[in-house]
Every structure is written in C-alpha cells, then in structure tokens.
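In what follows, a structure is listed as structure tokens, so that the remarks can point back to it.
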Amino acid sequence: MTFALPTGLDSRPVAVLGAGTLGRRIALMFATRGGEVRIYDPSATAGKQACAYVEQHVSEVAARVGGGTPGSMAATTDLAEALAGAWLVVEAVPERLELKRQVFADLDRLAAPDAILASNSSSYPTSRFIDGVTTPERVVNMHFYMPPAQPAVDLMSSGHTDRAVLDLLLEVLPRYGVFPFEAHRESTGFIFNRIWAAIKREALSVVAEGVSTPEDVDRMWAINTGTAGGPFRAMDQVGLDVVLDIENHYAAENPNLPTGPRELLQRYVDTGHLGVKTGRGFYEYGARD
C-alpha cells in the first residue's frame with residue numbers, strides 16, 4: 001500500500017499522547033513555531049500540568065529556534081478530539097508492549113488517513129506493536145531524549161515505514177529545534193540510548209555492589225566530563241520506574257545482563273521513590289518537576 005504524505009503541515013496540529021515527563025517536553029518543542037499542539041492524557045490533572053509546563057517555557061525555547069514563535073497548547077481526555085486533523089501523532093505512553101499495541105491500533109483507526117504515527121518508545125522498535133495497524137507505512141520510531149536541553153531525536157523504520165516518511169521528518173524536525181538522526185537498521189535502544197544504557201547499567205552496578213554511592217558517581221562524572229549532573233540525576237529525571245521497565249526489556253532480550261542494576265531499581269520502585277516526579281529517588285527534591 002502507498003502512503004500519501006500529509007500536506008499543509010503549518011496549518012495542522014501536532015498531537016502528543018501522554019502528559020508525563022517526556023510528553024510535555026515533546027509538546028513544548030512542537031509549540032515553538034506558532035502552531036497548535038494538543039496533548040492527550042486520561043488524567044485531566046496531568047494534562048493541565050503539561051499545559052502549564054509548556055506555557056511557562058515556550059517563549060524562551062521558541063526564541064532559540066530559527067523562525068520560532070510561541071504556539072498554542074491544549075489538553076484533552078478525548079483521544080478523537082486530540083487527533084482531529086493532526087498531521088503528526090507522537091505516542092509517549094509507558095513502556096508496556098500490550099499498551100502500545102492497543103494505542104497504535106486506536107491511532108490507526110482514529111487519526112487522519114495521512115497522519116504520521118510516531119512512537120517515542122525508548123526501547124521497543126515499532127515492528128513489535130503494529131499488529132493492529134492497517135497502514136504500517138506511516139508508523140515510525142521517533143525517540144526523544146530530554147528536550148529542550150537534549151534535543152537529539154532517533155528515527156527508525158518499522159521495516160514497513162515509507163522512505164518518504166523518514167525523509168520528511170529528517171527535513172522538518174529541525175524547524176522545531178530538534179535534531180533527527182536515522183538508525184539505518186532496527187536496533188533495540190536505537191543509537192545514543194544503546195550507549196547510554198551501558199553507562200547507566202554500569203553506574204547502577206557500581207552502587208549495587210557497594211563500591212560507591214550515587215552522589216559520588218555523579219560528582220566524579222561532573223568533574224571528569226565537565227558536565228553537570230550525572231547518571232543518577234539523569235535517571236531520577238526520567239523516572240526510576242521507566243528506567244526499570246527499559247532495563248527489564250533489555251534483560252528479556254539478553255538474559256546474560258547482570259541482575260544487580262534491576263534489583264537496585266526495583267527496591268526504589270517498591271518504596272515509591274521514583275525520582276523527581278515523586279520528590280525522591282536517588283536524591284531528594286523539593287518542588288516536583
């Protein structure tokens with residue numbers, strides 16, 4: 001089947017599914033060129049918080065984007081309302097395979113026929129969850145890191161993705177202040193995430209084995225790399241439940257991975273210490289992000 005690329009992009013909204021840590025940041029980037037962004041989340045409170053985040057930061061971020069200007073942002077608990085007329089839909093729901101299968105079947109049914117359906121999945125290739133999609137040519141992995149501070153984006157075909165979809169995104173995404181890099185073959189973890197997964201797994205191992213502490217690892221990281229933060233601060237920002245989901249997925253594909261990192265993460269998750277979003281993870285936080 002041939003997929004017809006969307007047209008009239010400047011006059012059509014972008015829809016983001018999921019108002020969490022990454023979803024709201026993705027929405028922020030697409031709100032930097034004066035267009036309309038809609039965010040869907042079954043929690044009205046989460047949607048409201050996401051809108052507040054975008055409104056707080058969009059003027060500053062748009063000023064750093066060539067030709068940028070603040071756009072409009074709206075949240076809804078109605079999926080069809082969020083999708084209406086959108087040229088691009090970005091899924092940013094939790095890393096649960098069955099959930100993603102259901103979401104993409106719903107998107108295929110409800111989104112405009114020419115809408116590109118992108119997954120922000122950090123570990124699953126889209127080939128794993130397009131069983132219910134009738135037009136797989138329009139589905140693509142589009143994985144963000146932590147914009148606006150980390151604005152790189154992985155693009156990866158599902159194995160069925162129309163080449164023109166990838167080419168369009170490679171051309172268009174930089175206009176929103178994000179920078180796409182194509183993974184030229186299917187790869188769990190994509191490009192930078194594979195490298196980062198090895199770093200954070202070893203950092204977790206060092207702490208799980210009692211060799212060091214999160215604070216000392218991060219401090220050494222900052223001194224030796226000349227950058228702020230460190231692996232444990234970064235994991236707190238993403239959410240330790242999300243980090244654990246990702247590690248469990250890697251372990252399912254490679255049973256030889258050490259168990260210590262997952263066991264350490266599980267202890268934090270079991271106590272509800274998930275990082276910035278709960279006020280405590282490897283570190284304690286004041287106001288939540």
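Atom set for the values below is all heavy atoms of this structure, side chains included, hydrogens, waters and symmetry mates excluded. Small disclaimer: the values here were computed from a predicted structure and weren't measured.
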How close do I246 and S122 get, counting heavy atoms only, and between which atoms?
CD1-OG, 3.1 Å
Please report the closest heavy-atom contact between A208 and G260, naming both atoms and the distance.
CB-O, 3.8 Å
Under a 3.5 Å distance rule, please check whether R33 uses its side chain to pair with a backbone N or O of M29 as donor and acceptor.
no
Is any side-chain heavy atom of F129 closer than 4.5 Å to a side-chain heavy atom of S119?
yes
From the list D131, D108, D106, salt bridge (Lys or Arg N to Asp or Glu O under 4.0 Å) partner of R101 resolves to D131
Walk me through whether K200 and E247 qualify under side chain to side chain contact (heavy atoms under 4.5 Å, CB included).
CA-CA 10 Å; K200 66 185 179 183; E247 281 303 302; 4.1 Å; yes
Quick one: does T32's side chain get under 4.5 Å of R64's, heavy atoms only?
no
Among side-chain atoms of T271 and H273, is any donor-acceptor pair under 3.5 angstrom?
yes
R24 side-chain N/O to A19 backbone N/O, donor-acceptor pair under 3.5 Å
yes
Min side-chain heavy-atom separation W221-R233 under 4.5 Å:
no
To the nearest 0.5 Å, what is the distance between CG on D218 and CZ on F282?
9.5 Å
Indicate, with yes or no, if L5 and V14 share a hydrophobic cluster defined by side-chain heavy-atom contacts under 4.5 Å among Ile, Leu, Val, Met, Phe, Trp and Tyr.
yes
Without swapping roles, check the side chain of S187 against the backbone of G189 for a donor-acceptor pair under 3.5 Å.
no
Could you see if I199 belongs to whatever hydrophobic cluster contains V243? Use Ile, Leu, Val, Met, Phe, Trp, Tyr and a side-chain cutoff under 4.5 Å.
no
Short side-chain to backbone donor-acceptor contact, N120 and L22, under 3.5 Å:
no
Is there side-chain contact between L168 and I116, with at least one heavy-atom pair below 4.5 Å?
yes
Which heavy-atom pair separates S205 from P258 by the least distance, and what is that distance?
OG-CG, 4.2 Å
Cluster check L110, V139: I/L/V/M/F/W/Y, side chain < 4.5 angstrom:
yes
Non-hydrogen atoms of C51 and M73 that approach each other most closely
SG-CG, 3.7 Å
Tell me, do L97 and R128 make a side-chain contact under 4.5 Å, heavy atoms counted?
yes
CZ/R219: more than 12 non-hydrogen atoms of other groups inside 6.0 Å
no
Between the side chains of E95 and S121, does any donor sit under 3.5 Å from an acceptor?
yes
Hey, does L244 have a side-chain heavy atom less than 4.5 Å from the side chain of Y268?
no
Taking N141 for its side chain and T126 for its backbone only, find out whether a donor-acceptor pair lies under 3.5 Å.
yes
Where do D236 and Y283 come nearest, in terms of heavy atoms and distance?
OD2-N, 3.0 Å
When you look at CE of M220, are more than 12 heavy atoms from neighbouring residues, nucleotides or ligands closer to it than 6.0 Å?
no
Please check this pair: side chain of T135 against backbone of R138, looking for a donor-acceptor N/O pair closer than 3.5 Å.
no
Is there a donor-acceptor pair closer than 3.5 Å between any side-chain N or O of E91 and the backbone N or O of V93?
yes
Using a cut-off of 6.0 Å, state whether more than 12 heavy atoms not belonging to R185 lie near its atom CZ.
no
Under the salt bridge (charged side-chain N to carboxylate O under 4.0 Å, His left out) rule, collect the residues that match up with D10, sequence neighbours excluded.
none
Ignoring hydrogens, what is the shortest heavy-atom contact between F3 and A115? Give both atom names and the distance.
CZ-O, 3.8 Å
Do the side-chain N and O atoms of Y145 and N193 include a donor-acceptor pair separated by under 3.5 angstrom?
no
Lys/Arg cation over aromatic F144: R25, 6.0 Å, 45° cone:
no
If I take atom CD1 from residue I39 and atom OG1 from residue T77, how far apart are they, to the nearest 0.5 angstrom?
13.0 Å
Any heavy-atom pair between the side chains of V242 and K277 that's under 4.5 Å?
yes
Do V37 and V153 land in one hydrophobic cluster if side-chain heavy atoms of ILVMFWY residues count as linked below 4.5 Å?
yes
Does any non-hydrogen side-chain atom of L155 lie less than 4.5 Å from one of L173?
yes
Among all residues two or more places apart in sequence or in another chain, which pass the salt bridge (charged side-chain N to carboxylate O under 4.0 Å, His left out) test with R12?
D114
Test of understanding: clusters of I, L, V, M, F, W, Y form through side-chain heavy atoms closer than 4.5 Å, transitively. Do L204 and L257 belong to the same one?
yes
